[in-house]
Amino acid sequence: MLKRAGRAPVLQRVVGAGLAGYLKFVRRTNRFVLDPPDLFDVIAPDLPAIVAMWHGQHFLMPFARLPEHKAKVMVSRSADGEINAIAAEKLGLGLIRASGAHQQHQIAKRGGARGFLEAMRALRAGYNIAMTADVPKVSRVAGAGIVQLAQRSGRPILPMCMATSRAIHLDSWDRATINLPFGRMALAAAPMIHVAPDLDAEGLEAVRLDLERALHEVEARAYATARTA
């Protein structure tokens, strides 16, 4: 019954709007810190970019941009994804509805192929694309799709994490975090990762591992900065 209720459009809209309102409250009541302090100046020449983050750490990412930055976020077609999509729209982001997949035959079912093409078009139009790097149910392991998007589009990957000094860490597959108000909030980024257009499968795998390491590193930095800044 709870699952059916979670798929009800009216309830999804209410929960999505409530989530957006709560995240705005968290943003207003936390002191904001950048790592590095000149982050937005550093990344400006390489925008638009593909912003990569871990699943479960994505809730505050709508605030990881300046007002002039155009951005779209890739959101799954699941019931939870619908709630996230409603919240993202209310926080000023455009949407691309697609999911990652473990097997190639799952891509069409999850909208991955269409999502890939939509992301390519959005990048060409000057939008930054935000997406989780890990595929569903496999936490903290970067998938190949984000690397392939960077190769095909010619746009760099920007590993990022936003963390708060006060948070609740859930025992879920994605180690999701509920960020809390009245503390410090840190946005950390690693150097851009550029993917050469002529890389073979071995080269793409090396980039995927580099992305994975960068996301682990930037997550640790974001939490350390939030706790000590």
| M160 and L39: CA distance, side-chain angles, deciding distance, side chain to side chain contact (heavy atoms under 4.5 Å, CB included) verdict | CA-CA 11 Å; M160 296 187 104; L39 171 59; 4.0 Å; yes

| CA sep, side-chain torsions, deciding dist, call: R140, E219, salt bridge (Lys or Arg N to Asp or Glu O under 4.0 Å) | CA-CA 11 Å; R140 305 304 194 270; E219 181 182 22; 3.0 Å; yes

| task | For the pair L93 and R65, evaluate side chain to side chain contact (heavy atoms under 4.5 Å, CB included) and give the outcome as yes or no after the intermediate values. | result | CA-CA 11 Å; L93 297 177; R65 60 193 177 100; 3.4 Å; yes

| Could you walk me through whether T164 and N30 pass the side-chain hydrogen bond (donor to acceptor under 3.5 Å, both in side chains) check? | CA-CA 8 Å; T164 50; N30 276 278; 5.5 Å; no

| message | I'd like to know whether R213 forms a salt bridge (Lys or Arg N to Asp or Glu O under 4.0 Å) with E217, so could you lay out the CA-CA distance, the side-chain angles of the two residues, the decisive distance to 0.1 Å, and finally the verdict. | response | CA-CA 6 Å; R213 283 189 289 267; E217 184 269 337; over 6 Å; no

| field | Full working for side chain to side chain contact (heavy atoms under 4.5 Å, CB included) between L204 and V195 | value | CA-CA 8 Å; L204 291 173; V195 184; 3.9 Å; yes

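Side-chain atoms of Q57 come within 3.5 Å of backbone atoms of R175 as a donor-acceptor pair (strictly under, hydrogens ignored). A distance-only check finds no donor-acceptor pair linking the side chain of D38 to the backbone of D41 [under 3.5 Å]. With E212 contributing its side chain and A142 its backbone, the two residues share a donor-acceptor pair below 3.5 Å. With hydrogens and angles disregarded, a donor-acceptor distance shorter than 3.5 Å links the side chain of Q151 to the backbone of P197. Looking at T177, its side chain never comes within 3.5 Å of a backbone N or O of N179 through a donor-acceptor pair. Under the 3.5 Å distance criterion, the side-chain polar atoms of R166 are matched with a main-chain donor or acceptor of P181. Within the 3.5 Å criterion, the main-chain N or O of R184 finds a donor-acceptor partner in the side chain of S165. Under the 3.5 Å distance criterion, the side-chain polar atoms of N128 are matched with a main-chain donor or acceptor of A49.
If you chain together hydrophobic residues whose side chains sit under 4.5 Å apart, L149 and L209 never meet in one group. The same ILVMFWY cluster, assembled from side-chain heavy atoms under 4.5 Å apart, contains both L91 and L66. Cluster annotation: F32 is connected to V51 through the hydrophobic network of ILVMFWY side chains, with a link wherever side-chain heavy atoms come within less than 4.5 Å. No single ILVMFWY cluster, assembled from side-chain heavy atoms under 4.5 Å apart, contains both I86 and L19. Linking Ile, Leu, Val, Met, Phe, Trp and Tyr residues whenever their side-chain heavy atoms come within less than 4.5 Å leaves L117 and L95 in two separate clusters.
The structure places CD1 of I193 at 5.5 Å from CD1 of I157, a figure rounded to the nearest 0.5 Å. If you take CD1 on I96 and OG on S76, they are separated by 13.5 Å, rounding to the nearest 0.5 Å. Atom NE2 of H216 and atom CG of L211 lie 9.5 Å apart (nearest 0.5 Å). Atom CD of Q148 and atom CG of L199 lie 11.5 Å apart (nearest 0.5 Å). To the nearest 0.5 Å, atom CE of residue M53 and atom CG of residue L215 are 9.0 Å apart. The CD1 atom of I129 lies 9.0 Å from the CD atom of E118; values are rounded to the nearest 0.5 Å.
A heavy-atom distance below 4.5 Å is not found between the side chains of L187 and F63. Between N84 and E89, every side-chain heavy-atom pair lies at or beyond the 4.5 Å cut-off. At a threshold of 4.5 Å between non-hydrogen side-chain atoms, the residues K72 and L123 do not count as touching. Contact annotation: the side chain of Y127 never approaches that of H69 to less than 4.5 Å [non-hydrogen atoms, C-beta and beyond]. Side-chain contact between I43 and D46: absent, with no pair of heavy atoms (C-beta onward) separated by less than 4.5 Å. Residues I50 and L158 are not in side-chain contact: their nearest non-hydrogen atoms beyond the backbone lie 4.5 Å or more apart. Within the 4.5 Å cutoff, the side chain of I146 has heavy atoms near those of the M131 side chain. Annotation: side chain of R221 is in contact with side chain of P36 (closest heavy-atom distance under 4.5 Å).
Looking at every heavy atom in both residues, P45 comes nearest to V42 through CD-O, 3.3 Å. Residues V138 and D134 share a closest heavy-atom pair of O-CB, 3.3 Å. Taking both residues in full, the closest heavy atoms of F40 and A64 are given as CE2-O, 4.2 Å, listed atom of the first, atom of the second, then distance. Between A214 and A190, the shortest heavy-atom contact is CB-CB, 4.2 Å. Considering every non-hydrogen atom in both G115 and M74, the closest pair reads O-CE, 3.8 Å. The minimum heavy-atom distance between P156 and P48, with the atom names listed, is CD-O, 3.9 Å.
Within a 6.0 Å sphere centred on CG of D171, heavy atoms belonging to other residues, nucleotides or ligands number 12 at most. Atom NZ of K90 is surrounded by 12 or fewer heavy atoms from other residues, nucleotides or ligands within 6.0 Å.
Ring to ring, F59 and Y22 are not that close: their centroids are 6.0 angstrom or more apart.
At a cut-off of 3.5 Å, with distance as the only test, no side-chain donor of S139 or D174 sits close to an acceptor on the other residue. Of the N and O atoms on the side chains of T132 and H58, not one donor lies less than 3.5 Å from an acceptor on the other residue.
Annotation: cation-pi geometry not satisfied between R152 and F116 (NZ/CZ under 6.0 angstrom from ring centroid, within 45° of ring axis).
Ring geometry for H55 against W173 counts as tilted: the plane angle lies between 30° and 60°, on a 0 to 90° scale.
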